[in-house]
Novice: 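Can you keep this structure in mind? I'll have questions shortly.
It should be emphasised that the depicted structure is a prediction, and the values quoted were computed from it without experimental measurement. Counting starts at 1 for both ligands and their atoms, following the listed order.
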Amino acid sequence: MTSAPPKLYVKSYGCQMNVYDSQRMADLLGRDGYVETAGPDDADVIVLNTCHIREKAAEKVYSELGRLRVLKQAAAEAGRRVTVAVAGCVAQAEGEEILRRARVVDLVVGPQNYHRLPELVARTSNGARVVDTEFPAEDKFDHLPAPSAAATRARGFAAFVTVQEGCDKFCTFCVVPYTRGAEVSRPVAKIVEDATRLAEAGVREIRLIGQNVNAWHGAGPDGSTWTLARLLERLAEIPGIARLRYMTSHPRDMDEALIAAHGELPALMPQLHLPVQSGSDKILAAMNRRHRHDEYVSIIERLKAARPDIALSGDFIVGFPGETEQDFRDTLALVDAVGYASAYSFKYSPRPGTPAAEREDQVPEEEKAERLARLQARLEHHASAFNAGTVGRTVDVLLEGEGRLPGQLVGKSPYLQAVQVMAPTSSKGEIVPVRITATGSNSLFGTLVSASARPGGPAVDEPRVASAGF
Ligand code: 5AD
Ligand code: SF4
């Protein structure tokens with residue numbers, strides 16, 4: 001009789017990079033026979049893939065570890081050994097400190113060392129506690145297995161491909177350059193290989209990800225350095241790949257070729273996440289963002305000239321040290337000028353080791369909370385206007401999975417909106433024209449349009465009914 005395979009539970013916090021890394025870790029341990037389980041209760045190995053970007057994100061990990069302590073204790077009493085690993089940016093930033101603070105943890109592994117995970121897990125089997133947060137010279141991607149076709153299908157029709165990691169920008173509030181290290185771009189051949197394999201497994205949309213994705217400058221097959229625009233063009237040639245997106249970008253790296261690609265490359269979706277953080281020139285300088293308010297607005301204008309219906313999203317920080325009411329109003333003015341389709345906004349959170357955390361002119365918590373509420377009200381207004389602007393239009397939707405109600409599928413519009421539509425299960429993975437009929441709180445609702453009944457060619461070429469922008 002063969003014994004049951006060991007079970008693995010990976011919990012992901014934070015950004016898309018972590019979601020992707022969690023999948024790679026599951027693939028890697030899958031080669032050693034681990035099967036994924038939906039929750040921690042019956043898992044033999046539990047990995048928390050953590051985020052350190054704001055204090056709250058890091059604290060969540062310690063509360064989860066508290067819960068796992070109880071679970072591990074109960075398992076031990078029942079004669080079952082559970083290994084608890086902390087991966088991701090908290091692991092990188094805090095290293096040994098995690099072992100001191102949380103006795104439940106067996107293994108601490110930084111984002112650059114996931115390829116060593118099976119060996120590290122094995123080292124903990126005799127009760128040893130292990131920390132691996134070195135920045136190794138080798139490329140971890142050379143050692144991480146490509147996802148299997150079955151795993152790819154289970155994960156849907158839109159897949160992430162990491163093209164670069166790390167960041168050299170050193171915004172004064174941000175831990176990423178410390179936790180993820182210097183910017184490293186993967187070469188074209190490896191990215192094309194990954195994307196081709198995904199396409200062969202049925203993936204229709206590739207999302208290129210990286211902490212500073214548009215700083216990507218990888219080696220081309222000819223030995224020259226390619227730009228992201230050129231990489232996108234190459235990926236669009238892969239049979240089966242109908243959609244491309246990339247995130248997260250820095251305004252300083254939005255070069256002319258990339259802006260032009262938004263007008264020229266049909267596979268490149270009319271949607272871009274371009275964080276600005278603040279609309280005040282004084283705060284932008286203090287954040288070391290390396291651009292001014294008007295330069296950002298000019299990039300947006302050029303993007304809209306290239307692709308008039310582009311849906312923009314952004315990240316904002318309120319209450320950065322020294323931010324006055326007038327600085328904050330400059331942010332609101334920028335929000336109104338751009339008309340974001342969606343956005344993330346945060347209160348400034350001082351991160352140990354970053355320059356802004358040392359400043360003495362920290363903004364009081366109540367002021368941060370008050371500004372965040374005002375900012376979010378403006379952002380919600382623009383997001384609703386954007387979504388309302390798609391009602392009555394027909395847009396192409398990539399059907400990805402089961403929807404909310406029986407008989408419904410959910411998919412993504414070109415603008416990355418979730419759309420619920422009655423459609424046969426067999427049409428999962430197809431890109432279909434959908435007439436948007438209503439907006440809800442988290443998704444849009446629509447009805448299938450038969451391609452022959454649709455006038456005027458592809459939906460994404462139709463003009464927007466209402467513009468939420470300039
Ligand atoms: N405080 C608040 N928000 C932060 N972000 C990054 N660092 C901090 C911080 N110290 C936000 C930025 C970034 C997003 C991923 O998280 O807006 O774009
Ligand atoms: Fe952090 Fe992004 Fe700035 Fe890099 S560009 S330091 S990841 S906020």
Novice: Check whether the ring centres of Y178 and F170 lie less than 6.0 Å apart, and answer yes or no.
Specialist: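 Centroid distance Y178-F170: below 6.0 Å, so yes.
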Novice: Would you check if the side chain of D168 reaches a backbone N or O of E183 as a donor-acceptor pair within less than 3.5 Å?
Specialist: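 Yes: the side chain of D168 pairs with the backbone of E183.
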Novice: Is any side-chain N of the basic residue among E97 and R100 closer than 4.0 Å to the acidic one's carboxylate O?
Specialist: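 Looking at R100 together with E97, the answer is yes, because their closest N to O distance falls below 4.0 Å.
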Novice: Flag the pair R243 and D396 as a salt bridge only when some basic side-chain nitrogen lies within less than 4.0 angstrom of an acidic carboxylate oxygen.
Specialist: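 Judged by the 4.0 Å cut-off on N to carboxylate O distance, R243 and D396 do not form a salt bridge.
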Novice: Considering non-hydrogen atoms only, spot the tightest contact between V363 and R371 and give its length.
Specialist: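 Shortest heavy-atom separation between V363 and R371 comes out as CG1-NH1, 4.1 Å.
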Novice: Let me know which protein residues bring a heavy atom to under 4.0 Å of ligand 1; chain then number is fine for ordering.
Specialist: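 Only I53, R54, F173, Q277, D315, I317, F346, K347, Y348, S349, R351 have heavy atoms that fall under 4.0 Å of ligand 1, ordered by chain and number.
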Novice: Between E59 and R101, does any side-chain N to carboxylate O distance fall below 4.0 Å?
Specialist: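 A salt bridge is present here (some side-chain N lies under 4.0 Å from a carboxylate O).
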Novice: Can you give the donor-acceptor pairs under 3.5 Å from side chains of residues 256-267 to other protein atoms, not counting sequence neighbours?
Specialist:
from	atom 1	to	atom 2	distance (Å)
E256	OE2	R302	NH1	2.1
H262	NE2	Y246	OH	2.6

Novice: Hey, would you say the F346 and F173 ring centroids sit under 6.0 Å apart?
Specialist: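 That pair fails the under 6.0 Å test.
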Novice: How would you list, by chain and number, every residue that makes a side-chain contact (heavy atoms from CB on, under 4.5 Å) with D222, sequence neighbours excluded?
Specialist: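 Scan of D222 (side-chain contact (heavy atoms from CB on, under 4.5 Å), adjacent residues dropped) gives S224, W226, R230.
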Novice: Below 4.0 Å from any atom of ligand 2, which residues have a heavy atom? Give them in chain and number order, please.
Specialist: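 Residue list for ligand 2: C167, K169, F170, C171, F173, C174, V176, P177, H250, R289.
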